[in-house]
**Student:** 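Input: one structure, supplied below.
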Amino acid sequence: MTETSQHVSLIAVPDASVSTLSGIYDVMSLSALLKPYGAGALPEVTPFEVEIVGRRKGPVVLASGLVLETHRGIDDIAATDIVIVPSFILSPAGWQKGRYPELVAWLAAMHDRGAVLCSACSGIFLLAETGLFDGKDATIHWTYAQTFGETFPAVSLRPERVLVVAGDRGQYISSGASTSWHDLVLYLVARHLGPAAAQLAAKFFALQWHRDGLAPYIIFDAPTDHGDGVVGDAQAWLAANFSVASPVEEMVRRSGVAERTFKRRFTKATGYPPIGYVQRLRVEEAKRRLERTDAPIDEIGWQVGYQEPAFFRRLFKRITGVTPGVYRRKFKVPDYGDSAA
């Protein structure tokens with residue numbers, strides 16, 4: 001447990017998402033308010049001293065258009081304990097490297113002086129420009145995974161993971177999609193103040209640990225811009241016929257291409273072998289039916305193409321990380337009107 005305050009620098013740049021930035025700021029800066037409920041879980045000192053930091057002191061227009069006032073500019077900060085880069089909203093053009101060279105240099109300097117570097121979701125784009133995450137695992141929102149991989153191929157990306165802590169002293173921390181910033185701040189609270197303080201913060205702020213990982217949240221979106229017409233035709237046919245018996249054999253037959261050649265081209269174009277692609281499509285449809293209908297789980301498995309309920313349930317858990325029943329409870333919209341009555 002940390003005996004002294006940790007100085008936290010929360011980065012604000014025009015790409016930043018206000019919800020992530022303000023959420024992290026509130027939880028970490030207001031932790032001292034939990035003392036009356038903590039029964040000794042929190043130290044006497046203020047646990048975190050949080051500043052919103054920009055390239056310079058003054059107003060920053062965030063991605064949503066909201067204007068935020070930074071407390072200090074990076075030139076005024078010689079050292080800090082924790083740097084957190086919040087999630088960014090990327091333009092359709094993706095991340096443009098080299099936009100913030102002074103920030104990148106400052107991040108590297110803070111690291112050299114012992115700071116822990118943290119990203120929430122797509123904030124990893126900025127941290128990756130330092131080169132410090134090369135050869136290390138990191139996570140990000142799954143919708144940005146392809147763009148990130150193309151931009152920073154030396155970073156080992158794990159978008160299905162909620163939180164990744166890397167480095168010999170845990171100095172490189174990244175959290176995944178959207179509200180997995182909850183996991184990031186709870187981890188930091190636990191790391192510096194202990195598990196009791198993290199449990200208290202989770203209860204007080206109604207934060208969630210995403211214990212099942214992020215695989216349940218990922219929507220399968222196969223590439224279609226690969227330029228292979230044969231594979232594209234097969235994908236279009238499969239989108240409407242994935243539940244038929246022996247879909248791979250039928251795709252091969254319809255393509256007019258030798259089986260081995262077709263499977264090789266399909267895997268190269270989509271990133272999935274044909275049977276794996278079929279399984280992803282079927283599970284994605286099963287997810288939609290679990291979310292939107294009350295049909296029994298075994299019936300849904302049959303509807304998407306699986307005669308054996310046990311196989312369907314195993315496959316569903318392997319792909320999503322949770323059982324069909326857990327998935328339904330997690331994502332089916334609750335009827336609060338009903339429960340209120």
Side-chain angles (χ1 to χ4, degrees), residues 90-95 121-122 125 138-153 155-162 176-178 212-292 300-306 311-322 324 327 330-331:
L90 270 61
S91 71
W95 180 255
C121 189
S122 45
F125 276 98
T139 186
I140 195 174
H141 196 296
W142 54 270
T143 58
Y144 291 139
Q146 182 177 349
T147 299
F148 184 90
E150 294 168 352
T151 309
F152 300 103
V155 181
S156 177
L157 205 58
R158 303 291 301 276
E160 78 284 358
R161 292 180 60 179
V162 174
S178 301
D212 296 320
L214 294 177
Y217 298 84
I218 296 175
I219 299 173
F220 179 60
D221 184 24
T224 56
D225 58 352
H226 42 69
D228 189 320
V230 170
V231 174
D233 288 345
Q235 287 177 279
W237 176 84
L238 197 57
N241 298 279
F242 57 80
S243 62
V244 303
S246 304
V248 174
E249 289 81 351
E250 182 61 20
M251 278 195 297
V252 172
R253 186 191 67 77
R254 292 171 59 88
S255 72
V257 176
E259 180 178 358
R260 177 177 293 183
T261 301
F262 174 83
K263 290 182 176 180
R264 176 180 53 78
R265 287 174 60 175
F266 192 98
T267 303
K268 180 181 179 182
T270 68
Y272 295 89
I275 188 59
Y277 188 96
V278 169
Q279 290 172 340
R280 294 276 175 170
L281 285 180
R282 288 176 168 180
V283 167
E284 199 62 37
E285 178 60 23
K287 287 161 61 177
R288 283 190 284 268
R289 294 176 187 238
L290 288 165
E291 295 164 8
R292 303 170 191 177
I300 289 176
W302 179 83
Q303 290 169 347
V304 300
Y306 294 108
F311 179 83
F312 165 69
R313 289 169 182 265
R314 287 195 303 271
L315 176 68
F316 190 96
K317 185 173 183 180
R318 177 169 64 79
I319 289 177
T320 67
V322 296
Y327 184 90
K330 184 185 289 284
F331 291 106

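Along the sequence shown, residues are numbered consecutively beginning with 1.
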**Student:** Decide yes or no for Ser243 and Gln303: does some side-chain heavy atom of the first lie under 4.5 Å from some side-chain heavy atom of the second?
**Tutor:**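 Answer no - side chains too far apart.
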**Student:** Where the side chain of Arg161 meets the backbone of Gly176, is there a donor-acceptor pair that is under 3.5 Å apart?
**Tutor:**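 No: the side chain of Arg161 does not pair with the backbone of Gly176.
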**Student:** Checking Trp237 now: which residues fulfil side-chain hydrogen bond (donor to acceptor under 3.5 Å, both in side chains) with it, not counting sequence neighbours?
**Tutor:**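 Per chain and number, Trp237 pairs via side-chain hydrogen bond (donor to acceptor under 3.5 Å, both in side chains) with no residue.
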**Student:** Run the numbers on Asp212 and Lys330 for salt bridge (Lys or Arg N to Asp or Glu O under 4.0 Å), then give the verdict.
**Tutor:** CA-CA 10 Å; Asp212 296 320; Lys330 184 185 289 284; 3.5 Å; yes
**Student:** Which atom pair, heavy atoms only, marks the closest approach of Pro247 to Val278?
**Tutor:**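 Looks like CG-CG1, 3.8 Å.
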**Student:** Would you say the side chain of Trp95 lies within less than 4.5 Å of the side chain of Phe148, judging by non-hydrogen atoms?
**Tutor:**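 The answer is no, as the side chains (C-beta and beyond) never meet within the 4.5 Å cut-off.
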**Student:** Is any side-chain heavy atom of Pro324 closer than 4.5 Å to a side-chain heavy atom of Arg313?
**Tutor:**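 Result yes, sub-4.5 Å side-chain heavy-atom pair found.
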**Student:** Looking at Ile219 and Lys287, what are the two nearest heavy atoms and their distance?
**Tutor:**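 In this case the closest contact between Ile219 and Lys287 is CA-NZ, 4.4 Å.
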**Student:** With distance as the sole test, does Gln235 use its side chain to make a donor-acceptor pair with the main-chain N or O of Pro223 at under 3.5 Å?
**Tutor:**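 Side chain of Gln235 to backbone of Pro223, a donor-acceptor pair under 3.5 Å: yes, one is there.
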**Student:** Is the gap between the ring centers of Tyr272 and Phe220 under 6.0 Å?
**Tutor:**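 Yes: the rings meet the under 6.0 Å criterion.
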**Student:** Do you know which two heavy atoms are closest between Ala286 and Val304, and how far apart they sit?
**Tutor:**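 Nearest pair, atom of Ala286 first, then Val304: N-CG1, 3.8 Å.
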**Student:** Can you see which heavy atom on Leu238 is nearest to which on Tyr277, and at what distance?
**Tutor:**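 Looking at all heavy atoms of both residues, the closest pair is CD2-CD2, 3.4 Å.
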**Student:** Would you mind checking if Glu291 and Arg288 are paired as a salt bridge, meaning a charged N to carboxylate O distance below 4.0 Å?
**Tutor:**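 Looking at Glu291 together with Arg288, the answer is no, because their closest N to O distance does not fall below 4.0 Å.
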**Student:** Would you say Thr139 and Val162 make side-chain contact, with heavy atoms under 4.5 Å?
**Tutor:**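 When only atoms from C-beta onward are counted, Val162 and Thr139 do not touch, as no gap falls below 4.5 Å.
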**Student:** By side-chain hydrogen bond (donor to acceptor under 3.5 Å, both in side chains), which residues pair with Arg253, not counting sequence neighbours?
**Tutor:**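 Expected list: Glu250.
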**Student:** Answer yes or no: is there a side-chain heavy-atom contact under 4.5 Å between Tyr306 and Gln279?
**Tutor:**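 In contact.
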**Student:** Asn241 side chain to Val244 main-chain N or O, any donor-acceptor pair under 3.5 Å?
**Tutor:**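 Here the side-chain-to-backbone pair does not exist.
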**Student:** Is there side-chain contact between Arg282 and Phe312, with heavy atoms separated by less than 4.5 Å?
**Tutor:**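 Result no, sub-4.5 Å side-chain heavy-atom pair not found.
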